[in-house]
Amino acid sequence: MDLWNKLRSLDAYPKVNEDFYSRTLSGGLITIASSLAILLLFLSEIRLYLYSATDSKLTVDTSRGERLHINFDVTFPALPCSLVAVDTMDVSGEQHYDIRHDIIKKRIDNLGNVIESRKDGVGAPKIERPLQKHGGRLDHNEVYCGSCYGSEESDDQCCNSCEDVRDAYRKKGWALTNIEEIDQCKREGFVQRLKDEQGEGCSIHGFVNVNKVAGNFHFAPGKSLDQSFNFLQDLLNFQQENYNISHKINKLSFGVEFPGVVNPLDGVEWIQEHTNGLTGMYQYFVKVVPTIYTDIRGRKINSNQQFSVTEHFREAIGYPRPPPGVYFFYEFSPIKVDFTEENTSLLHFLTNICAIVGGIFTVAGIIDSFVYHGHRAIKKKMEIGKLG
């Protein structure tokens, strides 16, 4: 009995007989309000516990020799697909012109409706027995070697496509003004495509693989035109003023998508209101930040995000005139961002729940006590005033 009595004396929560309780209206209202507050905060803690939070930190980017996918989806409402070429170059000296793999072009009308969708470089008409370099037609079991039409750099050079002939002429500094007589161009239907696509636009999407160094990629119509608008005008009644580099960037990202990434150029649109044709350069200067995203399961996503973007239109004034097109100049930050998904521990969750319940009941008790004793004091003074 003495032991039980001693334990009973240690009770920090003495009980009061219900006959001595005094329940008030204000106390009931405070109890309801505090219970609602506890419920809302409890649900908030449950949500934080069930869903992961993202922690970030900055480190120095020490990666070297990596490659990067630049994903794009751009619409040119006043530029046919045959006149849109994708080029890349970087500070290491690597250059690629008129990239065709991993790129899809969609011909669109003036209302933006898709006329035709095809992978670039696919869909040329097939003509049997192409013209050989020696002048005859290709025979069976004979290796094809097309003529460069006087622009060969060596006797064994072959031009097996219209693009090869145009490249050979460009290297010589010649203008290709007899394109209808070029067998490769006739077989590929280059002239016919230009005729068919007059008045159309182009939606182009895909990706380019580049070195992870500063550089640029661009959509340059001048490259596909052999710098010979005069020839096209004579051939097709081509009118430059009907074409311009107005564009809309539907999507542009550097690397793999990850949760929470924001691409500031998505949805950006620029309209060339006053134009004399395919003139001027529209330039985007993009600061790219290397990023590593680690999810709750420990899987890492190595990617990049756009930190800042500056736009500038360079008019075709002076000499030499800038080549027309839409240019994206990018450079990488030396600082890397690490995002890590983390869950709240069970112990931390229970501690927060206890703090919420105990804290709100304590504050509610203080408020109730203040209201109760204040009401009693006012009531007492009113009674004393009546007696006086």
Side-chain angles (χ1 to χ4, degrees), residues 67 80-90 92-105 107 116-197 202 204 206-211 217-236 238 323 325:
R67 303 286 295 183
C81 288
S82 294
L83 306 186
V84 181
V86 182
D87 307 330
T88 66
M89 60 183 64
D90 58 46
S92 69
E94 183 174 308
Q95 301 181 17
H96 299 281
Y97 295 107
D98 202 4
I99 300 172
R100 300 194 176 194
H101 54 81
D102 302 312
I103 293 176
I104 295 177
K105 293 180 179 180
R107 295 168 55 191
E116 179 190 20
S117 176
R118 62 181 173 83
K119 192 171 182 178
D120 201 13
V122 177
K126 181 180 179 181
I127 298 179
E128 296 182 355
R129 302 189 65 194
L131 187 65
Q132 285 280 55
K133 183 176 181 179
H134 53 66
R137 290 289 176 178
L138 180 65
D139 292 328
H140 294 292
N141 301 323
E142 187 179 7
V143 177
Y144 175 54
C145 179
S147 172
C148 295
Y149 297 88
S151 61
E152 299 90 344
E153 294 182 344
S154 61
D155 293 337
D156 57 351
Q157 181 180 353
C158 301
C159 293
N160 295 339
S161 67
C162 184
E163 180 65 23
D164 291 343
V165 178
R166 289 152 57 197
D167 282 339
Y169 267 67
R170 272 195 292 265
K171 291 177 181 179
K172 289 285 188 179
W174 300 348
L176 187 59
T177 58
N178 58 338
I179 196 169
E180 285 192 315
E181 300 177 7
I182 304 300
D183 181 68
Q184 294 89 325
C185 297
K186 286 192 294 184
R187 288 191 294 108
E188 296 174 10
F190 177 74
V191 175
Q192 186 60 43
R193 285 203 308 271
L194 289 179
K195 291 180 179 179
D196 294 341
E197 295 179 8
C202 185
I204 178 170
F207 68 87
V208 291
N209 185 273
V210 298
N211 291 319
F217 76 99
H218 49 271
F219 303 92
K223 198 73 176 177
S224 296
L225 298 180
D226 298 298
Q227 302 174 348
S228 182
F229 286 121
N230 293 331
F231 159 68
L232 288 171
Q233 188 153 359
D234 294 338
L235 180 65
L236 309 174
F238 184 86

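Note that the structure is a prediction, hence the values are computed from the model and not measured.
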Next on the checklist: Distance check, rounded to the nearest 0.5 Å: Ile182 atom CD1 versus Cys148 atom SG?
Outcome noted: 10.0 Å
Checklist outcome for this item: When rounded to the nearest 0.5 Å, the distance separating CG of Asn209 from CD1 of Ile99 is 9.5 Å
Checklist outcome for this item: Residues Val84 and Lys105: closest non-hydrogen pair is O-NZ, 2.6 Å
Checklist entry - Of all heavy-atom pairs between Cys159 and Ser147, which one has the smallest distance, and what is that distance? => result CB-O, 3.5 Å
Next on the checklist: The test is disulfide (SG to SG under 2.5 Å); show your working for Cys145 and Cys158 and say whether it passes.
Outcome noted: CA-CA 5 Å; Cys145 179; Cys158 301; 1.8 Å; yes
Checklist entry - How about Cys81 and Cys202, are their SG atoms within less than 2.5 Å of each other? => result yes
Checklist entry - How far apart are the C-alpha atoms of Gln95 and Thr88, what are their side-chain angles, what is the distance that settles it, and do they pass the side chain to side chain contact (heavy atoms under 4.5 Å, CB included) test? => result CA-CA 6 Å; Gln95 301 181 17; Thr88 66; over 6 Å; no
Next on the checklist: Closer than 3.5 angstrom, by distance alone: can the side chain of Tyr169 be matched with the main-chain N or O of Tyr149 as a donor-acceptor pair?
Outcome noted: yes
Next on the checklist: Has Asp87 got a side-chain atom pairing as donor or acceptor with Asp98's backbone, closer than 3.5 angstrom?
Outcome noted: yes
Item to check | Close side-chain approach of Phe217 and Val210, heavy atoms under 4.5 Å | outcome: no
